[in-house]
Amino acid sequence: TRVWIAGASGRLGSALSHRFGGNTAYKLVTSDRDVPVEDVSVVGRFADINHPDVIINCTGITDTDECEANPEHAYRVNALGARNLSIVARKCGSKIVQLSTDDVFDGLSDKPYNEFDVTNPRTVYGKSKCAGEGYVKEFTQRHFIIRSTWVYGEGYNFVNKFIEETKNKSEVTVASDQFGSPTSAEEL
């Protein structure tokens with residue numbers, strides 16, 4: 001089975017590359033910025049060369065401030081990138097795993113969300129990821145959409161930042177109006 005991990009240098013992509021890397025049942029193919037997902041022709045050429053059975057889309061602009069400051073870029077990567085990968089998945093007969101976010105919801109519910117709840121994103125990040133989910137559903141039937149939240153792992157992330165701050169400061173400031181489920185990239 002050929003597995004293409006798009007966005008292989010990110011937190012989740014790195015964890016998946018590590019997990020699949022030693023397993024001889026899988027032929028791992030990885031890409032990152034060398035295959036910009038927002039460019040359908042580059043994505044198509046990469047897929048034609050590698051013929052993936054499974055595409056795992058770990059790409060994304062996840063910095064919410066960056067998304068708000070540059071919404072066009074967020075939509076190009078988060079929405080059109082998902083569309084482009086879905087188009088090649090359909091063409092190759094591949095399954096696609098689309099990594100999304102709980103930000104596709106508005107956060108106003110007083111109970112946990114599930115996959116049947118109606119999406120209502122309020123941020124550019126959430127809207128662009130929701131659009132990406134829509135493209136995946138539209139362009140291929142062989143898909144899985146995984147909505148995770150607060151992913152931590154290798155590199156800079158809120159867990160490592162918090163640990164560092166507790167080492168260097170006697171008092172740490174945290175948001176009291178946000179709720180989430182920290183998710184280990186390795187476990188995800």
Side-chain angles (χ1 to χ4, degrees), residues 5-16 19 37-38 43 54-87 89-90 94-163 165 172-188:
I5 299 174
S9 71
R11 277 189 292 273
L12 183 58
S14 295
L16 285 167
R19 180 71 54 104
V37 293
E38 61 272 25
V43 170
V54 178
I55 300 169
I56 304 175
N57 183 12
C58 297
T59 66
I61 306 298
T62 60
D63 182 312
T64 55
D65 293 335
E66 181 181 346
C67 289
E68 294 297 327
N70 195 347
E72 288 180 19
H73 183 58
Y75 274 93
R76 276 195 305 274
V77 175
N78 295 343
L80 296 181
R83 180 200 68 181
N84 296 341
L85 290 168
S86 297
I87 288 169
R90 184 182 65 211
S94 309
K95 294 175 185 155
I96 186 166
V97 179
Q98 171 68 18
L99 276 297
S100 192
T101 175
D102 66 325
D103 283 26
V104 299
F105 300 113
D106 57 22
L108 300 176
S109 178
D110 59 355
K111 61 183 184 202
Y113 290 100
N114 66 53
E115 65 271 27
F116 303 109
D117 289 328
V118 176
T119 58
N120 185 29
R122 298 173 61 177
T123 64
V124 171
Y125 172 59
K127 290 174 184 177
S128 65
K129 293 299 277 188
C130 190
E133 287 185 13
Y135 284 132
V136 169
K137 293 173 191 174
E138 180 180 346
F139 286 101
T140 181
Q141 292 183 353
R142 302 183 74 200
H143 66 268
F144 301 90
I145 296 173
I146 299 172
R147 296 174 177 150
S148 63
T149 179
W150 295 9
V151 177
Y152 64 92
E154 289 184 29
Y156 180 80
N157 59 74
F158 74 95
V159 171
N160 293 343
K161 177 184 172 190
F162 184 77
I163 290 170
E165 286 186 8
V172 177
T173 305
V174 295
S176 61
D177 62 343
Q178 296 180 12
F179 301 91
S181 299
T183 307
S184 159
E186 189 67 32
E187 292 300 314
L188 181 57

To the nearest 0.5 angstrom, please state how far the [atom1] atom of [X] sits from the [atom2] atom of [Y].
X      : Y      : atom1 : atom2 : value
Glu72  : Glu38  : CD    : CD    : 12.5 Å
Arg90  : Arg142 : CZ    : CZ    : 13.5 Å
Ile56  : Ser94  : CD1   : OG    : 11.5 Å
Lys127 : Asn120 : NZ    : CG    : 8.5 Å
Thr119 : Glu133 : OG1   : CD    : 7.0 Å
Lys129 : Asn78  : NZ    : CG    : 5.0 Å

Open item on the list: For a salt bridge (charged side-chain N to carboxylate O under 4.0 Å, His left out) check, start with the C-alpha distance between Glu115 and Arg147, then their side-chain angles and the critical distance, and finish with the verdict.
Closed with: CA-CA 9 Å; Glu115 65 271 27; Arg147 296 174 177 150; over 6 Å; no
If you look at every heavy atom in [X] and [Y], which pair is closest and at what distance?
X     : Y     : value
Gly7  : Thr59 : N-CG2, 3.5 Å
Ala74 : Cys67 : CB-SG, 3.7 Å
Ala6  : Val37 : CB-CG1, 4.4 Å
Asn84 : Val43 : O-CG1, 4.0 Å

Would you say the side-chain atoms of [X] pair up with the backbone N or O of [Y], donor to acceptor, closer than 3.5 Å?
X      : Y      : result
Tyr113 : Val118 : no
Ser86  : Ala82  : yes
Glu68  : Thr123 : no
Ser128 : Tyr125 : yes
Thr183 : Trp150 : no
Thr140 : His143 : no
Asp117 : Asn114 : yes

Open item on the list: Run the side chain to side chain contact (heavy atoms under 4.5 Å, CB included) test on Leu12 and Ser148 for me, step by step, so that the C-alpha distance in whole Å, both residues' side-chain angles and the decisive distance to 0.1 Å come before the verdict.
Closed with: CA-CA 11 Å; Leu12 183 58; Ser148 63; 5.9 Å; no
Open item on the list: As a quick check of understanding, evaluate side chain to side chain contact (heavy atoms under 4.5 Å, CB included) for Ile87 and Tyr135, giving each step before the final call.
Closed with: CA-CA 9 Å; Ile87 288 169; Tyr135 284 132; over 6 Å; no
Task: Arg19 bridged to Glu186 by N-O distance under 4.0 Å - done: yes
Are any non-hydrogen side-chain atoms of [X] and [Y] less than 4.5 angstrom apart?
X      : Y      : result
Asn70  : Ile61  : no
Leu85  : Phe139 : no
Ile145 : Lys137 : yes

Open item on the list: Using the rule given for side chain to side chain contact (heavy atoms under 4.5 Å, CB included), can you reason through Asn57 versus Leu99, listing the C-alpha separation, both sets of side-chain angles and the distance that settles it, and then say yes or no?
Closed with: CA-CA 6 Å; Asn57 183 12; Leu99 276 297; 5.7 Å; no
TODO: Go through the steps to decide whether Cys58 and Ile5 satisfy the test side chain to side chain contact (heavy atoms under 4.5 Å, CB included), and finish with yes or no.
DONE: CA-CA 7 Å; Cys58 297; Ile5 299 174; 4.2 Å; yes
